[in-house]
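Every value quoted in this text rests on a predicted model; they were computed, and no experiment measured them.
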Amino acid sequence: FFGGENMERIVSPDNPKIQQWSRLKQKKYRKEMGAFLLESVRGIQEALDQGVLPQAIAVRDGTSMPEGYQQHLKGVPVYILSEKAFQKLSGTENSMGILAVFPCKKHSMRELLEEERILFLDGIQDPGNLGTILRTASAFAVNGVILGSGTVDLYNEKVLRSTLGGLFPLKILEGEYKELRLLQKHGYRVAGGDLKGTPFQKWQPEGKWVLGIGGENRGLSKDFREIMDEGVTIPISGPMESLNAGVAAGILMSKFRRE
């Protein structure tokens, strides 16, 4: 497989390609270049299985390419990197030796309106929580996501590792509270966690819904609550006053599961 036309070896960490890709570790360059690095064997496989092709694959010298990749990579350049060159790109201590450069996803509100169930993430700052929420959304087919103000960058390394490729089926865009009002005009109801809301067991979300998940420290903002149509209360037993944002999101999204 490594003898194909699209294979190139890179030894020096100062190679222009390595220099260019290493800039993708910074948010401003990801926006400028419209691409991001994904260092996850499973995440890359999920992207390939869904027909999302990378711009390039980088493999550490001596690492075997997973069999599941090969049928998808026709025409995709593959680079074999020396240990030093690979380490300049890698974000993990125990890397499995494969990473890919993918184009950033770009979706519009028009595409989001094709979905019945949408998440609005209101200031989710923890990368692990965001990744977990996105993977859970993908599992429950909540395929529309709005990243509200104060939410961590979608292409942060820790977010990507936590999603395990779960972001690829999703339609994701950055937005504000005005997008919520627009969705309401299109017939969506807006819900969010609330200590004095409808008990979770009694909440029956039929039709088109937007579910708001608040940040780890402050929860849902005042602006969101002013727009919200219905609050939902997750019953908690014991001394804890609240749940982790990722856990709460999973519980609430479970109501969207299709029987």
Would you please say whether a donor-acceptor pair under 3.5 Å links the side chains of Gln184 and Asp229? yes
What closest approach, in Å, do Leu252 and Gly193 show between heavy atoms, and which atom pair accounts for it? CD1-N, 4.4 Å
If you round to the nearest 0.5 Å, how far is OG of Ser82 from NZ of Lys88? 11.0 Å
Measure across Pro66 and Ile98 and return the closest heavy-atom pair with its distance rounded to 0.1 Å. CD-CD1, 3.2 Å
Crowded around Lys255 NZ? As in, over 12 foreign heavy atoms under 6.0 Å? yes
Scan residues 94-107 for pairs that pass salt bridge (Lys or Arg N to Asp or Glu O under 4.0 Å), counting only residues two or more places apart or in two chains. none
Counting only N and O atoms by type, is there a donor-acceptor contact under 3.5 Å from the side chain of Thr151 to the main-chain atoms of Gly123? yes
Can you list the residues that meet the side chain to side chain donor-acceptor pair (under 3.5 Å) rule with Arg60, with sequence neighbours excluded? none
Mind checking salt bridge (charged side-chain N to carboxylate O under 4.0 Å, His left out) for Arg23 and listing every partner two or more places apart, or none if nothing turns up? none
Distance check, rounded to the nearest 0.5 Å: Phe102 atom CZ versus Ile57 atom CD1? 6.0 Å
Joint cluster assignment, Val101 & Ile10, ILVMFWY side-chain distance < 4.5 Å: yes
Would a hydrophobic clustering, with Ile, Leu, Val, Met, Phe, Trp and Tyr connected at side-chain separations under 4.5 Å, put Met96 with Phe86? no
If you apply the rule side chain to side chain contact (heavy atoms under 4.5 Å, CB included), what do you find for Met65 with Leu73, and how did you get there? CA-CA 11 Å; Met65 183 81 75; Leu73 291 180; 4.2 Å; yes
From CZ (Arg30) to CG (Leu154), nearest 0.5 Å: 9.0 Å
Rounded distance [0.5 Å steps], CG in Leu211 versus CD in Glu230: 11.0 Å
To which residues is Leu220 joined in a hydrophobic cluster, defined by side-chain heavy-atom contacts under 4.5 Å among Ile, Leu, Val, Met, Phe, Trp and Tyr, whether direct or through other members? Met109, Leu112, Leu113, Ile118, Phe120, Ile146, Leu173, Tyr177, Leu180, Leu182, Leu183, Tyr188, Val190, Val210, Phe224, Ile227, Met228
Would you say Val152 and Leu167 are hydrophobically clustered, going by side-chain heavy atoms of ILVMFWY under 4.5 Å? yes
Residues forming a salt bridge (charged side-chain N to carboxylate O under 4.0 Å, His left out) with Arg181, sequence neighbours excluded: none
By side chain to side chain donor-acceptor pair (under 3.5 Å), which residues pair with Asp223, not counting sequence neighbours? none
Separation between OH (Tyr69) and CD (Gln45), nearest 0.5 Å, reads 6.0 Å
For residues Met253 and Ile133, report the shortest heavy-atom separation together with the two atoms involved. CE-O, 3.8 Å
Looking only at heavy atoms, what is the nearest atom pair of Asn244 and Gly246, with distance? OD1-N, 2.7 Å
What pairs meet the ring pair (Phe, Tyr, Trp, His ring centres under 6.0 Å) rule with one or both residues in residues 7-33, with sequence neighbours excluded? Trp21-Tyr79
Kindly state each residue pair satisfying salt bridge (Lys or Arg N to Asp or Glu O under 4.0 Å) with at least one member in residues 124-151, sequence neighbours excluded. Glu46-Arg135
Are the side chain of Thr233 and the backbone of Pro199 linked by a donor-acceptor contact shorter than 3.5 Å? no
So, for Ala248 and Leu243, which heavy atoms are closest and what is the spacing to 0.1 Å? CB-CB, 4.3 Å
When the side chains of residues 34-43 are checked against the rest of the protein, which donor-acceptor pairs come out under 3.5 Å, sequence neighbours left out?
residue: Glu39; atom: OE1; partner: Ser90; partner atom: OG; Å: 3.4
residue: Glu39; atom: OE1; partner: Gly91; partner atom: N; Å: 2.7
residue: Glu39; atom: OE2; partner: Ser90; partner atom: OG; Å: 2.7
residue: Glu39; atom: OE2; partner: Thr92; partner atom: OG1; Å: 3.3
residue: Glu39; atom: OE2; partner: Ser95; partner atom: OG; Å: 2.6
residue: Ser40; atom: OG; partner: Gly43; partner atom: N; Å: 2.9

Set of salt bridge (charged side-chain N to carboxylate O under 4.0 Å, His left out) partners for Glu115, sequence neighbours left out: Lys171
Heavy-atom closest contact (Val76 atom, Pro54 atom, distance): CG1-O, 3.8 Å
Does a sphere of radius 6.0 Å around CD in Glu174 hold more than 12 heavy atoms from other residues, nucleotides or ligands, not counting ones at 6.0 Å or beyond? no
Which one of Leu134, Val159, Asn129 satisfies the side-chain contact (heavy atoms from CB on, under 4.5 Å) criterion with Ile124? Asn129
Who pairs with Glu83 by side chain to side chain donor-acceptor pair (under 3.5 Å), at least two apart in sequence or on another chain? Gln87
According to salt bridge (Lys or Arg N to Asp or Glu O under 4.0 Å), does anything in residues 61-74 pair up with another residue at least two apart or in another chain? List the pairs. Arg9-Asp61
Working to the nearest 0.5 angstrom, can you tell me the gap between Asp122 CG and Leu147 CG? 11.5 Å
